[in-house]
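For reference, the structure is listed below as structure tokens.
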Amino acid sequence: MIRSLVMAASLIALACPAAARDEAPAAVAAANRAALREPTPGGYRNAVQVYPYAEGAIYRLYAAPERVTDITLQPGEQIISVAAGDTTRWTVGDTTSGSGTAQRVHVLVKPFAAGLATNLVITTDRRAYHLQMESTDASAMAALSWTYPRDELIALQRQREEAQAARPVASGLDLQGLNFHYEISGDRPAWRPLRAFDDGRQTFIEFPPDLATGEAPPLFVIGEDGEAQLVNYRVAGRFYVVDRLFGAAELRLGGKKQVKVRITSIWPEKREWRGSGS
């Protein structure tokens, strides 16, 4: 009885891979059909079919004998390799247009005859493109290119972050009443402040735009006894906002070899450094 059960289980195990192998071609064909993107009337910009790029998609390209179809890549994108399934009956080459950051790579394809079909894979320093190419008697796409929704979202997010960083650090500031009599001295790290100013109540320390990409230094106020005291402040974009005034303060970062940048008020008259509300 036990032996019969073991033999039955073995037969089932052998049958399952065979069934999976029988279904695999159909699954591959179904996946390729689902991934295939066809040209549409609404996708044309003049004679250029513009596909929205999606990783894993397959893009249809229609070509014709004696006509060259231009595959245009993103500005600044560099080719790593180009591979075609049929290199005997299809000519594949590349060239560039523009210069500097506006330079674009163009992959040029041309079939020797109608009724041919093959695929093309282009790999670049940014992504991979998969194309299904088919040649017809007369209908040929002059050119195709892509939009890049993910890149556009990243660029939009970056613009929002830059706009956020460029916003006024506080509303209702009287620009005429701001005091810019502060001196920046000491070390010169990448995060060294650009300037400091106050409105008679709060002190604002402005940093370079890339402050958020590195480690932010803590701020210490130097007391009348020369001792450094950690002070409360908040970060607003690329500004430190301190809810008080001070005569001198230091930004310090590091361990034994500490980087120090000193901010000193050089207002010609003595002021109440602790400010209102302190």
Side-chain angles (χ1 to χ4, degrees), residues 74-76 99-102 125-126 148-278:
Q74 190 178 34
S99 61
T101 57
D125 58 346
R126 298 178 184 175
Y148 302 90
R150 182 174 178 273
D151 289 12
E152 291 166 4
L153 286 173
I154 292 173
L156 181 61
Q157 178 65 26
R158 186 178 296 116
Q159 289 174 3
R160 288 175 178 172
E161 290 173 354
E162 290 174 355
Q164 177 72 17
R167 284 194 322 172
V169 293
S171 59
L173 283 179
D174 178 10
L175 298 181
Q176 298 299 322
L178 295 181
N179 165 40
F180 288 90
H181 291 80
Y182 286 87
E183 181 180 64
I184 310 295
S185 60
D187 296 325
R188 294 184 173 274
W191 47 261
R192 181 185 170 103
L194 303 177
R195 64 183 61 85
F197 57 93
D198 71 70
D199 64 352
R201 186 176 63 88
Q202 294 176 307
T203 306
F204 304 89
I205 304 170
E206 182 181 1
F207 290 86
D210 58 353
L211 173 68
T213 63
E215 187 177 0
L219 178 68
F220 298 84
V221 167
I222 307 302
E224 293 183 359
D225 57 359
E227 294 295 322
Q229 301 172 353
L230 191 63
V231 65
N232 291 327
Y233 59 90
R234 64 182 182 277
V235 180
R238 55 195 179 106
F239 290 83
Y240 280 8
V241 182
V242 187
D243 291 326
R244 57 168 289 184
L245 306 181
F246 54 76
E250 286 184 354
L251 294 156
R252 300 179 178 181
L253 190 62
K256 293 182 179 180
K257 295 183 178 180
Q258 200 170 55
V259 176
K260 294 182 182 180
V261 176
R262 191 177 183 91
I263 303 167
T264 307
S265 173
I266 54 174
W267 187 261
E269 300 176 1
K270 182 174 177 62
R271 310 176 76 195
E272 180 61 41
W273 301 127
R274 294 191 61 80
S276 60
S278 297

- request: Using a cut-off of 6.0 Å, state whether more than 12 heavy atoms not belonging to Asn232 lie near its atom CG.
  value: no

- prompt: Do Leu230 and Phe220 have side-chain heavy atoms sitting under 4.5 Å apart?
  reply: yes

message: If you define the side chain from C-beta out and look only at heavy atoms, does anything of Ile205 sit under 4.5 Å from Tyr233?
response: no

message: If you define the side chain from C-beta out and look only at heavy atoms, does anything of Ile263 sit under 4.5 Å from Ile184?
response: yes

message: Show the nearest heavy-atom pair for residues Ala190 and Pro208, with the distance to one decimal.
response: O-CG, 3.5 Å

query: Are Pro189 and Leu253 close enough that some pair of their side-chain heavy atoms sits under 4.5 Å apart?
result: no

task: Please examine the side chains of Tyr182 and Thr203, heavy atoms only from C-beta on, and report whether any two atoms are closer than 4.5 Å.
output: yes

task: Tell me, please, which residues at least two apart from Arg262 pass side chain to side chain donor-acceptor pair (under 3.5 Å).
output: Glu250

task: Compare every heavy atom of Pro75 with every heavy atom of Thr101, then report the nearest pair and how far apart it is.
output: O-CB, 3.8 Å

task: Measure across Pro217 and Leu251 and return the closest heavy-atom pair with its distance rounded to 0.1 Å.
output: O-CD2, 3.9 Å

task: Can you measure from CG (Leu178) to CD (Gln202) and round to the nearest 0.5 angstrom?
output: 11.0 Å

message: I'd like to check Tyr240 versus Val231 (side-chain heavy atoms, cut-off strictly below 4.5 Å). Are they in contact?
response: no

statement: Nearest heavy-atom contact between Asp199 and Arg201 is OD1-N, 2.9 Å

- line: Taking every heavy atom of Glu215 against every heavy atom of Trp191, the minimum-distance pair comes out as O-CD1, 4.3 Å

query: How are the rings of Phe239 and Phe197 set relative to one another: parallel (under 30°), tilted (30 to 60°) or perpendicular (over 60°)?
result: perpendicular

- request: Could you note down all residue pairs passing salt bridge (charged side-chain N to carboxylate O under 4.0 Å, His left out) where residues 179-192 supplies at least one of them, sequence neighbours left out?
  value: none

